[in-house]
Amino acid sequence: MHFDELIGHLGQHTVDGLSKGAIYALIALGYTLVYGVLRLINFAHSEVFMVGTFAVLILWNQLGVENNPPVGQAILFLVLGLLVAAAASGGTALALERIAYRPLRRKNAPPLIFLITAIGLSLVFVELFGQVLPKLLGGVLPEAFGRPRQIVGMPTIIQQETLFTIGNTAITNIQLIVFVAAVAMMALLDWFINRTRYGRGVRAVAQNPETAALMGVNQERVIMLIFVLGGIMAGAAALLWSMRFGFTQNSIGFVLGLKAFTAAVLGGIGNLRGALLGGLFLGIVEVYGATLFASNWEDVIAFVVLIVVLMFRPTGLLGESLGRARA
Amino acid sequence: MIDKIRSADRRRVSMLTTVGDRWRALTKWQQALGLAAFVAILYYLPLLGIPGLTWLRTDSIEGGNNWAGVLFVCAIYVLVAIGLNVVVGLAGLLDLGYIGFFAIGAYSVALFGSVNSPVVKWIQQEFNLPPTWAVTWAICLFIAIVLTMISGVLLGWPTLRLRGDYLAIVTLGFGEIIRIVARNATGLTNGPVGISAIPGPEGAPAADNKYFGLIDAKPWYWLAITFVLIMVFLVRRLERSRVGRAWLAVREDEDAAAVMGVYPFKFKLWAFAIGAALGGLSGFLFGSRNAFIDPTQFNANLSILFVAMVVVGGSGNMIGVSLGAVLLAYLPERFRDFADYRWLVFGLAMVLVMILRPQGLIPSRRRARELKDRAAEAEEAPAHV
C-alpha cells in the first residue's frame, strides 16, 4: 500500500485518471445508447472500437505520416483520422446490426441469444484482424498486418509535452486534447439526443417502442441510428487512443470494452451523462488503485468496482434511462 | 442455399426424434443392454485405430499418435459441458467465467499436491514435514471440489440477484480476476512461472509410474471417462428430481416460479455451486494430467469456448452438450493445419447457430418449443414493433 505516494501526488493521479476515463466514457456511450433503446448488451462494441484503431493505423501509414509532423499537418492527420475512424467504426456497428441482430429481433429471441451472438461476433472480428486479414493483406499493408496478432505501433502525431503545472500536478498537451475532445464529442451527442428531431425519436423508442411506432417513429431507422452513433463515438475514442498510446492490436478491445461497459453500468446504463460520469470515475479509481497496490492489479480493480456497484446500486450512479433523461 | 440447409436440418431433426422415440419405446432391459454396449465402446475407444479418424499428429512424440490424448481432452470438456449445462441450460444463467472454476480446480491440485508449490512448502515448514511431503491426490480431489463449490457460492451470492445479461458480464470479470490473481500473487501460485510436478493418482510424475505417466494418455482417458459417466448419472438424477424441475421453472419464468413456492435464488445458487464443482473436477483432471500449469492456460477465450460447446450442442440437453464438447475438442485437433482459424470458426459457428438454429444441434425438446413460441408471438404482433 502506497498511501503517501497517492496523497502526495493526488492531483497528478486525478488528471491521469480523468484523461484515461475520458476514453472509457466515449466507448461506454455505445453500450449505453444501444442498451437504452434495445435492452441489449452489444458485446461486440469493443471490436467496433478495435476496427477504428486499425482504420487510423492504415490511414496514417498510407499517408506516410512521420513521427512528430509540423502542427498544421498534425491537425490535418487528426481530423482525417477522426473521419476515417468514425466511418469505419460506424460502418462496422451498422453491419453488426443488420447482419446479426436484426434477424434475431425478427424472431423475438431471448436476451441470452443476443448476448451469445454478440460474443461470437466479437470473436469473429478479433480473429479477422488477427489471422485472416494478415494472411490476405499482409503483403499489401505490411505496416498494419505484417505480424499477425502482434502489437503494431503507430507514428507519434503529437509529442507529449507538459503544458502547465498546478502545484506538483503536470498537465500534458495530450491529456488536455483527449479530455477536451472526448467531452466535446459527448456534449455534441447529448445535444443531438436531447435537442434534435432524430434525438426525440430515439428517446421515444427508448421510452415505449409501441407508442413511438404509433406516433410515426420509424423504429428500424432509430435502431440503425443508435448503432451508427455509438460506432462514431467508438471511432473518436479509437483516434484518441491511437494519438495517446500509439499502438493497436487485434485483441485490445476485450479488456477495454469490459471497462467501458463497467463505466456505462457505473453511471447507469442507458443514461448518456451517466456514461461520462462513470467513465471518468472509473478512470480515477483505476489510477488510484494502481497507485495504492501495483499497476498489474489495475484490471482486477475495474472488475471489483463493477461487482460492487452492481451489488449496491444496480441502476448505477445516475439511474438508467435514456427516455427520461431530460425528456 | 440457406433454404437447402434448413430443409436438410429439418430432415436431420426428424430423424433424431425418431431415434429418440424408438429408444424410449424399448423395454427396460433392452435399454440397459444398449447402455452397457455404449459404455463398453467408450472404454474401448482409445484402442481403436482408424486411419484418418483416430490418427492425430502430436508434437510431443516424434511421429506419435495423440488419439488417446485428444480423447482425454474430449472427456474433460464433456465434464465442463455437463457442468455448464446445469448453469446455462437448466437454470438459464449465462456464465462467461467458467474458466475461473476450471482454474481453481487445476490450482487446487497444483497448490496442495505438488512439492514445488509455495503452499505445500509453507505447510512443510510450519509442521516440520519432510520436503517430499505433499497432500495425496485423492484428498486434493476432495479439496478441489470443496474449493470450487465455495467459490461458486461466493461468486453467486452477490451476483445472482442481477439481471441475466449483467450476470454474464460480471462472471466474465470473475474469470479474468482469477487469472490475474493467479498471475500476480506470486507468493501463492508462483505467478507466471507456474507450478510443476503436479501429482496424478500414482503421485508426482516420475519415470517409474506404472500407469499414469506423462506419455501414455490411455489410463488418463479411462480415468476421465469414469468420472464423466459417474457425473452424467448423478446430474441426470438431479435433472429429473424436484431440483431439476425447479431449475426449469426458474429458467422459464422466475416470477411464476416464485409464486409457485420455488425460491429462485436458492436454486440458482445450487446450480452455480454444482456447475462450479463439475468445472473444478474437470480442471483438477486437466491439472493432474498436464503435471504443469501456469496462468496463461486459463484465459477468457476458453470460457467462451465452453459456452460455445453448450449452445452449439443444444443447451439443456446433456447428449447435445456432450456432442458439442466432443466436436469442439476433436475438430481442431483433427484439422490441425487450420488450427489458426479455430477461434474464427468457433465465433462463426456461434453466430450462425444462434441465428439459424438457436436451440442447438440436438436441442432439448422443451427449449425448442419455447423458442418456437416466442417466434410465433413475434409473428402475431403487429409488424415493425
Side-chain angles (χ1 to χ4, degrees), chain A residues 35 39-41 43 99-100 103-128 130-132 135 148 209-210 213-214 218-220 251 254-255 258 261-262 265 269 293-294 296-300 302-304 306-308 310-312 314, chain B residues 88 92-94 96 155 158-159 161-170 172-174 176-177 179-181 183-184 300-301 303-305 307-308 310-311 315 340-356 358 370-371 373-379 381-385:
Chain A
Y35 194 89
R39 301 269 169 269
L40 153 73
I41 297 176
F43 194 84
I99 296 167
L104 292 179
R105 254 201 332 275
R106 284 264 167 93
K107 280 193 224 163
N108 188 22
L112 284 192
I113 301 243
F114 277 96
L115 193 60
I116 293 168
T117 311
I119 293 166
L121 284 172
S122 169
L123 209 54
V124 168
F125 269 90
V126 170
E127 290 306 303
L128 210 59
Q131 277 297 337
V132 180
K135 284 251 163 72
E210 282 87 11
L214 290 176
N218 185 337
Q219 198 187 358
E220 287 298 317
S251 58
F254 178 70
V255 170
L258 264 183
F261 177 76
T262 305
V265 173
I269 193 160
F293 304 101
N296 54 1
W297 290 99
E298 205 181 78
D299 296 346
V300 173
F303 298 139
V304 170
L306 176 67
I307 294 177
V308 170
L310 285 176
M311 268 170 71
F312 293 106
Chain B
V88 178
L93 309 160
L94 186 53
L96 293 179
L155 172 67
T159 55
R161 294 169 207 271
L162 299 174
R163 278 198 303 253
D165 34 9
Y166 277 6
L167 180 74
I169 306 282
V170 170
L172 188 63
F174 165 78
E176 278 294 279
I177 289 179
R179 186 180 65 83
I180 296 172
V181 168
R183 192 191 64 197
N184 289 352
N301 266 6
S303 283
I304 293 172
L305 169 72
V307 172
V310 171
V311 300
S315 89
D340 282 350
Y341 294 104
R342 73 172 186 163
W343 292 105
L344 180 75
V345 174
F346 290 165
L348 280 175
M350 280 168 87
V351 176
L352 286 179
V353 166
M354 284 298 110
I355 292 179
L356 299 176
E370 186 203 334
L371 288 163
D373 272 359
R374 288 187 67 114
E377 269 170 37
E379 303 252 313
H384 303 301
V385 171

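Lettering follows sequence order; numbering is per chain, from 1.
- For chain B, the option among A/Phe43, A/Phe114, A/Phe303 with the highest count of heavy-atom pairs below 4.5 Å is A/Phe303.
- Contacts with chain B were tallied for A/Arg105, A/Glu127, A/Lys135; A/Glu127 has the most, counting heavy-atom pairs under 4.5 Å.
- Only the side chain of B/Arg183 comes within less than 4.5 Å of a heavy atom of chain A; its backbone N, CA, C and O stay farther away.
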Report the C-alpha separation of A/Val265 and B/Tyr166 in whole Å, then their side-chain angles, then the decisive distance to 0.1 Å, and conclude whether the side-chain contact (heavy atoms from CB on, under 4.5 Å) test is met.
CA-CA 9 Å; A/Val265 173; B/Tyr166 277 6; 4.3 Å; yes

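- Taking 4.5 Å as the limit, some side-chain heavy atom of A/Ile41 sits within range of a side-chain heavy atom of B/Ile169.
- When heavy atoms are compared at a cutoff of 4.5 Å, A/Ile99 approaches chain B solely by way of its backbone atoms N, CA, C and O.
- Proximity to chain B (any heavy atom under 4.5 Å) is restricted, for A/Leu104, to the side chain, taken from C-beta onward.
- Proximity of A/Phe254 to B/Asn301: side-chain heavy atoms (C-beta onward) are nowhere separated by under 4.5 Å.
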Could you pull out every donor-acceptor pair under 3.5 Å between side chains of residues 347-356 of chain B and any protein atom, sequence neighbours left out?
none

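- A/Phe125 does not touch chain B: none of its heavy atoms, backbone or side chain, sits under 4.5 Å away.
- For a residue to count as touching a neighbouring chain, one of its non-hydrogen atoms must lie under 4.5 Å from one of that chain's; by this rule A/Leu258 touches chain B with the side chain only.
- Contacts of B/Tyr341 with chain A are made by side-chain atoms alone, with heavy-atom separations under 4.5 Å and no backbone atom involved.
- Residue A/Pro110 touches chain B through both its backbone and its side chain, counting heavy-atom pairs closer than 4.5 Å.
- Rounding to the nearest 0.5 Å gives a distance of 8.0 Å between CD1 of A/Ile116 and CG of B/Leu96.
- Note that CD1 of B/Ile180 and CG of A/Asp299 are 4.5 Å apart. Values are rounded to the nearest 0.5 Å.
- Summarising the geometry, atom CG belonging to A/Leu115 is positioned 9.5 Å from atom CG belonging to B/Leu172; distances are rounded to the nearest 0.5 Å.
- The shortest distance between side-chain heavy atoms of A/Trp297 and B/Val181 falls below 4.5 Å.
- Residues passing the side-chain hydrogen bond (donor to acceptor under 3.5 Å, both in side chains) test with A/Asn296, sequence neighbours excluded: B/Asn184.
- Here the CD1-OG distance, from A/Ile119 to B/Ser303, works out to 9.5 Å after rounding to the nearest 0.5 Å.
- No side-chain heavy atom of B/Leu344 sits under 4.5 Å from any side-chain heavy atom of A/Leu123.
- Contacts between B/Ile304 and chain A at a heavy-atom distance below 4.5 Å involve the side chain alone, from C-beta outward.
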